[in-house]
Colleague: 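Below is a structure I'd like to ask you about.
Everything quoted here is computed from the prediction, not taken from an experiment. Here, residue 1 is the first one in the sequence, and each next residue gets the next number.
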Amino acid sequence: ILGILFYLNGFSQQLTRIDSLSQRPKLEYRLTVKNTFIPVSLITYGVVGLNNPKLKRWNTGIRSEVLEHINTKYRADDYFQYVPGLAVYILDDAGLKAKHSFWDRTAILSGSFVLQLAVVRVLKHTTGVMRPDSSSTTSFPSGHTAMAFTGAGFVAGVQGPYSIIGVAGYAIAGTIGFARVINNKHWITDVFAGAGIGILSTKISYYTYERFKLKQRSRGQMHAVIVPYFNGNGMVGLAAGIQF
């Protein structure tokens, strides 16, 4: 009997583990090498460009080509940097419903914004890179580009990175980054780093918020288990436990 009870106890525990795995919610947002490769590569490229002579010459060469062939300055980048992020709310009101509630979307976007802003500000005041127009030493990284790609990453998380809207969001963000080079406010390495920071900040915000929500839900769940027991004195029975 004792052997049977031990077998039943082990079998019950195995069923409990299987049941807990089957009920574990599927995580949609993860941080993997695959989905962070692009933003990390962009940031790395920008950081390497701070002291790499070849990349510095490339920065200078691109700036010279831009100044030689493009004389128009664009001020719309000061306003259009916010368009990708706001697009989700506008499209939701227009009938293209987002998969997150208003407050969930706002929390995710706010977290992304705060994270990228903190990173950008710290880097601007620690690297001390002179802008192409020599107006200040806060060139690296591009804050406008980081803001635009934060919004683009937010759109991609809601509508899908390969959807028409997701691609359009990244296209707008890329245009903002290019405008910063045309306006002689940033080097191309500043723009690449800003794009990477924006995308990665949004991924981290989605990842963090999803797990925060799951933790909140798990606190309201009740778990129960019933297993047989044998106390060594001939007493056989069932043990029950409930966790809230």
Side-chain angles (χ1 to χ4, degrees), residues 24-49 80-92 96-124 140-178 180 186 188-218:
R24 185 179 299 171
K26 183 179 179 180
L27 298 176
E28 182 177 0
Y29 302 105
R30 298 175 180 272
L31 293 177
T32 64
V33 174
K34 182 178 180 180
N35 68 11
T36 60
F37 178 77
I38 292 178
V40 170
S41 297
L42 291 172
I43 296 170
T44 302
Y45 180 85
V47 172
V48 171
F80 276 85
Q81 61 177 315
Y82 304 107
V83 169
L86 295 175
V88 173
Y89 296 92
I90 297 173
L91 292 171
D92 186 74
L96 187 60
K97 296 299 181 182
K99 58 185 176 182
H100 301 294
S101 69
F102 174 85
W103 294 112
D104 285 349
R105 296 196 307 269
T106 303
I108 294 168
L109 184 59
S110 298
S112 305
F113 172 76
V114 171
L115 180 57
Q116 69 86 12
L117 182 63
V119 173
V120 167
R121 292 302 178 190
V122 169
L123 289 176
K124 279 182 177 293
F140 182 87
S142 170
H144 284 66
T145 307
M147 174 65 74
F149 274 91
T150 295
F154 177 59
V155 172
V158 174
Q159 300 295 340
Y162 303 109
S163 65
I164 295 178
I165 297 174
V167 173
Y170 281 121
I172 294 173
T175 302
I176 298 300
F178 186 59
R180 299 304 289 168
H186 285 288
I188 193 68
T189 46
D190 301 338
V191 170
F192 282 2
I197 291 170
I199 297 171
L200 188 59
S201 295
T202 307
K203 288 183 179 295
I204 292 174
S205 184
Y206 270 111
Y207 174 90
T208 304
Y209 191 72
E210 181 180 49
R211 281 146 186 80
F212 174 77
K213 293 286 287 187
L214 289 176
K215 187 175 182 180
Q216 279 191 323
R217 293 171 187 168
S218 65

Colleague: Do you know which two heavy atoms are closest between Ile176 and His144, and how far apart they sit?
Modeller: CG2-O, 4.0 Å

Colleague: Would you give the length of the straight line joining atom OG of Ser142 to atom CZ of Arg180, rounded to the nearest 0.5 angstrom?
Modeller: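 It is 5.5 Å, given to the nearest 0.5 Å.
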
Colleague: Please walk me through it: do Thr32 and Thr36 pass side chain to side chain contact (heavy atoms under 4.5 Å, CB included)?
Modeller: CA-CA 6 Å; Thr32 64; Thr36 60; 5.8 Å; no

Colleague: Of all the heavy-atom pairs spanning Pro141 and Ala193, show the shortest one and how long it is.
Modeller: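 Smallest interatomic distance, heavy atoms only, reads CB-CB, 3.9 Å.
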
Colleague: Taking atom CZ of Phe80 as the centre, does the number of heavy atoms from other residues, nucleotides or ligands within less than 6.0 Å exceed 12?
Modeller: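 No - once you tally the heavy atoms of other residues, nucleotides and ligands closer than 6.0 Å, there are 12 at most.
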
Colleague: Compare all side-chain heavy atoms of Asp104 with those of Lys213 and state whether any distance is below 4.5 angstrom.
Modeller: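 They are in contact (side-chain heavy atoms under 4.5 Å apart), so the answer is yes.
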
Colleague: Can you check side chain to side chain contact (heavy atoms under 4.5 Å, CB included) on Arg105 and Asp92, steps first, answer last?
Modeller: CA-CA 11 Å; Arg105 296 196 307 269; Asp92 186 74; 3.7 Å; yes

Colleague: Tell me, do Val191 and Phe178 make a side-chain contact under 4.5 Å, heavy atoms counted?
Modeller: no

Colleague: Got a second to check how far Arg211's CZ is from Arg30's CZ, nearest 0.5 Å?
Modeller: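 With rounding to 0.5 Å, CZ (Arg211) is 6.5 Å from CZ (Arg30).
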
Colleague: So, for Ala152 and Gly169, which heavy atoms are closest and what is the spacing to 0.1 Å?
Modeller: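 Nearest heavy atoms, Ala152 then Gly169: CB-O, 3.5 Å.
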
Colleague: Ignoring hydrogens and angles, tell me if any N or O in the side chain of Lys203 forms a donor-acceptor pair with the backbone of Asn35 under 3.5 Å.
Modeller: yes

Colleague: Let me confirm one number: the CG-CZ distance from Leu42 to Phe37, rounded to the nearest 0.5 Å.
Modeller: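 The CG atom of Leu42 sits 9.5 Å away from the CZ atom of Phe37.
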
Colleague: Look only at the side chain of Thr145 and the backbone of Ala195, and say whether a donor-acceptor pair between them is shorter than 3.5 Å.
Modeller: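 Such a contact is absent between Thr145 side chain and Ala195 backbone.
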
Colleague: From Leu115 CG over to Ile204 CD1, what is the distance, rounded to the nearest 0.5 angstrom?
Modeller: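 With rounding to 0.5 Å, CG (Leu115) is 5.5 Å from CD1 (Ile204).
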
Colleague: Taking all atoms of both residues into account, what is the closest heavy-atom pair of Gln116 and Ala146, and its distance?
Modeller: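 The answer is OE1-CB, 3.4 Å.
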
Colleague: Do Phe113 and Met147 have side chains that approach each other closer than 4.5 Å (heavy atoms only, starting at C-beta)?
Modeller: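 Result yes, sub-4.5 Å side-chain heavy-atom pair found.
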
Colleague: Which heavy atom of Tyr209 sits nearest a heavy atom of Ala107, and at what distance?
Modeller: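 Heavy atoms of Tyr209 and Ala107 come nearest at CE1-CB, 3.6 Å.
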
Colleague: So, Thr202 side chain and Thr150 main chain: donor-acceptor pair closer than 3.5 Å or not?
Modeller: yes

Colleague: Can you measure from CG (Leu117) to OG (Ser201) and round to the nearest 0.5 angstrom?
Modeller: 9.5 Å

Colleague: Should Val158 and Leu91 be marked as a side chain to side chain contact (heavy atoms under 4.5 Å, CB included) after you check the CA-CA gap, both sets of side-chain angles, and the distance that decides it?
Modeller: CA-CA 11 Å; Val158 174; Leu91 292 171; over 6 Å; no

Colleague: If we only count heavy atoms from C-beta on, is the Val155 to Tyr170 side-chain gap below 4.5 Å?
Modeller: no

Colleague: Pairing donors with acceptors under 3.5 angstrom, does anything connect the side chains of Thr106 and Tyr89?
Modeller: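 Indeed, the side chains of Thr106 and Tyr89 share at least one donor-acceptor pair under 3.5 Å.
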
Colleague: Hey, would you say the Tyr29 and Tyr207 ring centroids sit under 6.0 Å apart?
Modeller: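 Here the rings of Tyr207 and Tyr29 have centres that are no less than 6.0 Å from each other.
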
Colleague: Of all heavy-atom pairs between Pro84 and Gly151, which one has the smallest distance, and what is that distance?
Modeller: CB-C, 3.6 Å

Colleague: So how far is it from Ile43 CD1 to Ile38 CD1, rounded to the nearest 0.5 Å?
Modeller: 12.0 Å

